[in-house]
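Notes follow the structure.
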Amino acid sequence: MHKHPHNPQTLRKRSAAATLVAALAVTTFLAAPSAQANEPSDPPVSQQPPAPTPGFPLPTQHTQQAYDPASDFTSKWTRADAKQIMAQSDSTVAPGENSMSPAVTMPEIPEDFPTMNDDVWVWDTWSLTDENANQISYKGYDVIFSLVADRHAGYGFDQRHWNARIGYFFRKTNADPAKDKWNYGGHLFVDGSSIGNTEWSGSTRLMQGNHVNVFYTATTFYDVAERNAGGGGIAPDAVISKALGNIHADQNGVTFDGFEHTKLLEPDGKMYQNKAQNPGFAFRDPYTFEDPAHPGKTYMVFEGNTGGTRGDYKCKEEDLGYKPGDPKAENLNEVNSNGAYYQTANVGLAVADNKDLTKWSFLPPLLSANCVNDQTERPQIFIQNEGGKNKYYLFTISHQFTYAAGMRGPDGVYGFVGNGVRSDYQPMNNSGLVLGSPTDLNLPSESPEAPTPEQNGRQFQAYSHYVQPGGLVQSFIDNVNGVRGGSLSPTVKINFRNGISEVDRSFGQNGLGPYGYLPTNVKVGGKGLYK
């Protein structure tokens, strides 16, 4: 197993060789067997979920029972579940402090963070992986993929979304992550070759030989110039796509070529909302994996919204999820009168119909957040063996400003655990919250473009978290006390077991590892000449 340094001094003082050798010494560097569980995280100190808080409703009971992936059971992240975020928050902190438990709070990022690259802003990031989420060292190089936008093109940081391209970075596997910068390789795809005019997040899998499949969101904006000037508003198109190409590595670094793009999925309007139903629909972030319980099948999770015209959905008692007779339960009519039905996020599921992964079929959503939240971005399935049994963790990210009326939570990682890909998922820590930026949840929610002085200055310090083997979590810097980002954050570590998690503050320096630390745990292609 690949172990990560835990001592606070480890990742500050070791030499380049010592850091990575120590971290990787017990890794086999053999190709992983197909459809195995991920490398597990360390267990948290506490093995018990937070106790019920007086004055708040009880969370929904979830069984974690597994269902056939093709069945029509969809687990619900209920309002009763999400109410536990506030139940576990401190209402007595001074205004602007962090009100959340340290167990779910990301350590504070310094204001003087380094710039990852002088030419491009960097945000959503993922690694070169296999079908089991192992992170691949290819011929002695680590490779990551990021959404990037030109820092010098005349538009601002907040206009990056409709100018996004997938770029890639590489560095030698034995580099010192605390000192050696990532080398920017440029745009992954030739200009004008992708299906949309903008490329949004996805995942990248190494296939047989030197082939790679890049699953991505092909987004097409029709008013880029207007948006860059501060206007616009024409709804974009979004298509889940893939590009099959080749990776090469030599003494000069890593390159890619030969990409052929294939359109895979467009929202059906039934299970997954489309543009005609809601100009602000979500359909993006494909993440593919194999499941040990279903050998030979490849699945994909992605972000979606519940099908139907925006505003037509009405909250149901099962969306609220309160126990009958709970004196703190909300009234259904009041929840609907507040407009909570406008928030209809879900985590979608699809299955590949051929070995080439060019044909896919929709399956019902794995998780709905109807009347709770409107975004469940960048979902991942993380399979971890616990006591001889595979447990399935569904991780996703969400914003504080996408919560429904009457709900409150931070920007960050949310997690759910079950016994299979399709399960009656139990929200981790009884609430779903796993890792949030320091936030005073007693104050109203905001957005990173316009925070108020009263709020914690690091409430938007990091976003777009990506959970890696061993519980490492990478994200990008957005707004640290008024300093805007566009670079990768320090990596942090979460320990989790049995649906309970906590931030490992012994990792790195007071819980912060190196900036942009995405270590590999499987080596492919031999040591090469480039180690």
Side-chain angles (χ1 to χ4, degrees), residues 53 55-60 74-91 95 99-100 104 273 277-282 303-324 326-347 365 367-377 396-414 416 427 429-433 436-437 439-452 454-456 459-460 463:
T53 303
F56 285 86
L58 294 173
T60 305
T74 296
S75 187
K76 294 184 181 297
W77 184 26
T78 68
R79 289 178 70 90
D81 296 327
K83 283 283 185 182
Q84 302 307 305
I85 297 172
M86 286 302 295
Q88 297 164 21
S89 177
D90 186 352
S91 63
S99 69
M100 303 182 302
V104 295
Q273 195 175 60
Q277 296 170 329
N278 178 11
F281 76 115
E303 179 193 1
N305 287 111
T306 299
T309 301
R310 184 174 189 268
D312 282 358
Y313 187 85
K314 292 298 180 285
C315 304
K316 302 176 178 62
E317 290 288 358
E318 53 263 35
D319 299 322
L320 276 58
Y322 297 110
K323 290 188 175 183
D326 191 327
K328 299 300 180 181
E330 295 175 289
N331 177 276
L332 180 61
N333 290 333
E334 291 179 358
V335 170
N336 276 313
S337 68
N338 289 334
Y341 53 81
Y342 283 110
Q343 278 66 47
T344 58
N346 65 27
V347 174
L367 181 80
S368 73
N370 293 334
C371 307
V372 173
N373 203 310
D374 208 40
Q375 284 191 336
T376 46
E377 300 186 280
T396 184
I397 57 174
S398 197
H399 289 292
Q400 57 174 288
F401 59 83
T402 59
Y403 271 94
M407 299 277 97
R408 189 73 172 91
D411 280 31
V413 182
Y414 293 82
F416 307 83
N429 305 315
N430 275 345
S431 69
L433 177 59
S437 289
T439 308
D440 184 352
L441 295 179
N442 303 300
L443 299 179
S445 65
E446 305 164 313
S447 64
E449 296 84 0
T452 62
E454 292 80 15
Q455 183 47 276
N456 189 298
Q459 63 169 331
F460 300 117
Y463 191 62

**OP:** Give, for atom OG1 of Thr439 and atom CZ of Arg408, the distance between the pair rounded to the nearest 0.5 Å.
**Re:** 7.0 Å
Subject >> Check: Ser91/Asn442 side-chain N/O donor and acceptor closer than 3.5 Å >> reply: no
Subject >> Distance in Å, Leu332 CG paired with Cys371 SG, rounded so as to fall on 0.5 Å steps >> reply: 8.0 Å
Original post:
With distance as the sole criterion, is a donor-acceptor pair present between the side chains of Glu330 and Tyr322 under 3.5 Å?
Top reply: yes
Original post:
Applying salt bridge (charged side-chain N to carboxylate O under 4.0 Å, His left out), which residue pairs with at least one partner in residues 306-318 are found, sequence neighbours left out?
Top reply: none
**OP:** Give the intermediate values and the outcome of side chain to side chain contact (heavy atoms under 4.5 Å, CB included) for residues Thr396 and Phe416.
**Re:** CA-CA 9 Å; Thr396 184; Phe416 307 83; 4.2 Å; yes
**OP:** State which residues pass side chain to side chain donor-acceptor pair (under 3.5 Å) with Asp81; sequence neighbours excluded, sorted by chain then number.
**Re:** His62, Thr78
Original post:
Do the side chains of Lys76 and Thr60 get nearer than 4.5 Å, heavy atoms only?
Top reply: no
Original post:
How many angstroms lie between OG in Ser431 and NZ in Lys83, if you round to the nearest 0.5 Å?
Top reply: 13.5 Å
Subject >> For Gln455 against Pro444, the heavy-atom pair lying closest together >> reply: NE2-O, 4.2 Å
Original post:
Can you tell me how far OH of Tyr414 sits from CG of Asn429, rounded to the nearest 0.5 angstrom?
Top reply: 11.5 Å
**OP:** Looking only at non-hydrogen atoms, find the nearest pair between Thr74 and Ser368 and report the distance.
**Re:** CG2-N, 3.7 Å
Subject >> side chain to side chain donor-acceptor pair (under 3.5 Å) partners of Ser89, counting only residues at least two apart >> reply: Ser99
**OP:** Identify the heavy atoms of Pro59 and Asn430 that sit nearest to each other, and give their distance.
**Re:** CB-O, 4.0 Å
Original post:
Looking at Gly409 and Ile85, what are the two nearest heavy atoms and their distance?
Top reply: CA-CG2, 4.0 Å
Original post:
Can you name the closest pair of heavy atoms from Phe56 and Ala87 and give their distance?
Top reply: CG-CB, 3.5 Å
Original post:
Under the criterion side-chain contact (heavy atoms from CB on, under 4.5 Å), which of Leu320, Thr306, Asn346, Asn305 is the partner of Asn370?
Top reply: Thr306
**OP:** Report yes or no: do Gln273 and Asn278 form a side-chain donor-acceptor pair below 3.5 Å?
**Re:** yes
Original post:
When rounded to the nearest 0.5 angstrom, what is the spacing between CD in Glu454 and CD in Glu446?
Top reply: 8.0 Å
**OP:** Locate the shortest heavy-atom distance separating Asp411 from Phe460; write the atom from each residue and the value.
**Re:** OD2-CD2, 3.4 Å
**OP:** Please assess Asn373 against Met407 for the test side chain to side chain contact (heavy atoms under 4.5 Å, CB included), listing each intermediate value before the final yes or no.
**Re:** CA-CA 8 Å; Asn373 203 310; Met407 299 277 97; over 6 Å; no
Subject >> Interatomic distance, Gln343 atom CD to Thr402 atom OG1 [nearest 0.5 angstrom] >> reply: 7.5 Å
**OP:** Describe, in one word, how the ring planes of His399 and Tyr463 are oriented to each other, choosing from parallel (under 30°), tilted (30 to 60°) and perpendicular (over 60°).
**Re:** parallel
Subject >> Leu433 side chain reached by Met100 side chain, heavy atoms, under 4.5 Å >> reply: yes
